[in-house]
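Worksheet: the structure to be examined is printed underneath.
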Amino acid sequence: MASIFSADLFAKPAMRYIAYAVMAMLLSVVHVVMLKYVAVQSVTPDLLLILVIWAALAEGQFIGTLVGFGAGLLYDVASGDVLGSNALAKTVAGFVAGYFFKENMALVTIGSARFLLIVTLCAFVHNLLYFFFYVQPMEVSFWSFFLIYGVATTLYTSVAAVFPMLYVNRQKDW
Amino acid sequence: MRRFIEFVVRYKNYITLTTLVVMSFALMSFGELSRLGGFRAVIVGSIGWVQSAFAWVPNPVALKSENASLRELNLQLSIESARFRQAMVENGRLRKMLQLPQHTEMPLIATDVIGKTTTELRNFATINRGTEGGIVEGMACITDAGLVGMIVGTSPKYGVIRLLHNRDTRIAARVYRSNVDGIIQWEGEEQISLKDVPRTADVKVGDLVLTSRFSSRFPSNIVIGYVTSVTDEENSLFRKILVEPAVDFSSLSQVFVIDWLPDPERIALEDSLMRRPSTERRR
């Protein structure tokens with residue numbers, strides 16, 4: 001991704017936004033169709049959330065929030081979930097990730113362990129919101145449900161974020 | 001006007017966040033995707049097409065589980081086959097004696113599962129038949145073991161089943177041995193729960209749980225599962241009953257859709273009562 005984004009083709013913001021949209025569509029389909037192969041006790045990493053955080057760190061809070069909403073809405077439609085639930089959680093996660101935006105320092109942040117901490121924090125906030133609305137039709141305690149699924153999903157997403165971090169770290173021409 | 005523009009530019013991040021959060025809440029109040037009608041069919045069709053394209057990819061965990069469950073099922077079936085032959089003879093004799101009306105078996109539509117979304121607590125399965133194959137939203141799905149779920153989305157060629165392990169599952173059920181009624185729900189655990197059963201009710205571990213004749217969505221007497229745990233919680237009038245589904249969802253490959261739909265008049269009536277405000281109902 002680092003080499004892709006440093007290429008001339010993606011120097012223009014519009015091209016990068018199109019790339020985010022295409023990635024969001026691809027990841028939505030991958031989530032629904034392929035991620036069951038890496039599921040551990042029904043828990044999977046949230047690849048779309050990693051994309052949202054990437055966008056927020058690379059483009060800033062405003063774009064991160066918008067990408068979060070768009071990616072979340074796309075995933076709600078693709079997965080058959082309650083419309084707006086992922087959009088809400090990812091919008092807020094994108095906004096939170098935007099606080100860590102530093103001009104021209106995106107790849108430094110993404111290529112370091114700091115990226116994992118940001119992903120963990122944003123995934124925690126994301127899952128807190130998502131599972132709060134998820135358990136509403138159920139007669140279960142939110143905290144007991146969140147401690148099982150919310151925390152597990154947060155940790156798995158953080159583990160998955162190691163791959164983009166290592167990839168960017170190895171392209172240290174920035 | 002200039003001040004307003006400056007204000008918007010200065011706080012655009014917060015304004016965007018607030019707007020998008022409000023939009024998300026508006027969409028959530030809009031409800032399930034099924035209300036999008038034709039658009040839903042396009043999504044179901046597209047995802048179904050992609051899932052069928054990747055259906056050949058083996059899932060080793062599921063295959064191992066399937067082998068184990070098939071061996072177990074084979075053993076059970078051979079035992080039950082012998083019992084069944086004996087029961088048929090006895091049943092025929094008893095029916096004749098009591099002159100009971102012959103039970104009409106409902107027609108079944110055989111389908112293959114081409115995709116399962118059992119990740120991140122979204123438990124759906126996609127089947128290779130849709131409206132062109134006679135599948136309609138609201139139909140119940142079973143296997144030889146028992147109840148699988150209900151059709152909640154269709155396109156011309158594909159259908160989506162909401163499995164038992166789903167937060168929206170609500171099934172009127174009864175314990176076969178003691179005729180105790182309850183509601184089957186899923187609460188995020190591996191097993192499903194039989195709710196609203198009073199502490200005085202006679203329910204034991206191992207009891208068979210079937211769909212109730214009171215169910216307005218499912219035909220009665222379909223096997224749901226077996227009671228695995230009965231506990232009385234403090235400060236509760238009800239028992240906590242866990243039920244192991246009879247169907248092994250990890251190895252689900254073929255399902256039968258029951259060509260039967262609930263009475264729409266009954267559902268409309270019950271839904272209208274559910275929607276009525278509680279104060280009005282109390283009147």
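As a basis for the values below, the full set of heavy atoms in this structure was taken, side chains included, without hydrogen atoms, waters or symmetry mates. Protein chains get the first letters and strands the later ones, always in sequence-line order, with residue 1 at the start of each.
Note that OG1 of B:Thr19 is 10.0 Å distant from CZ of A:Phe69, once rounded to the nearest 0.5 Å. Residue B:Thr16 holds its OG1 atom at 9.0 Å from CD of A:Gln61, rounded to the nearest 0.5 Å. If you take CE on B:Met28 and CZ on A:Phe133, they are separated by 4.5 Å, rounding to the nearest 0.5 Å.
Interface residue A:Val92: backbone and side-chain heavy atoms are both found under 4.5 Å from chain B. If you measure heavy-atom distances from B:Glu187 to chain A, the contacts under 4.5 Å come from both the backbone and the side chain. Looking at A:Leu73, the atoms closer than 4.5 Å to chain B (heavy atoms on both sides) all sit in the side chain, from C-beta outward. In this structure, chain B has no heavy atom under 4.5 Å from any part of A:Tyr156. For A:Phe95, the part lying near chain B is the side chain, with the backbone staying farther off; criterion is any non-hydrogen pair under 4.5 Å.
Applying the 6.0 Å contact sphere to CZ of B:Arg199 captures more than 12 heavy atoms from other residues, nucleotides or ligands. For A:Tyr17, the OH atom counts as densely surrounded, since its 6.0 Å shell holds more than 12 non-hydrogen atoms of other residues, nucleotides or ligands.
Smallest separation of non-hydrogen atoms from B:Ser24 and A:Thr91: OG-OG1, 4.4 Å.
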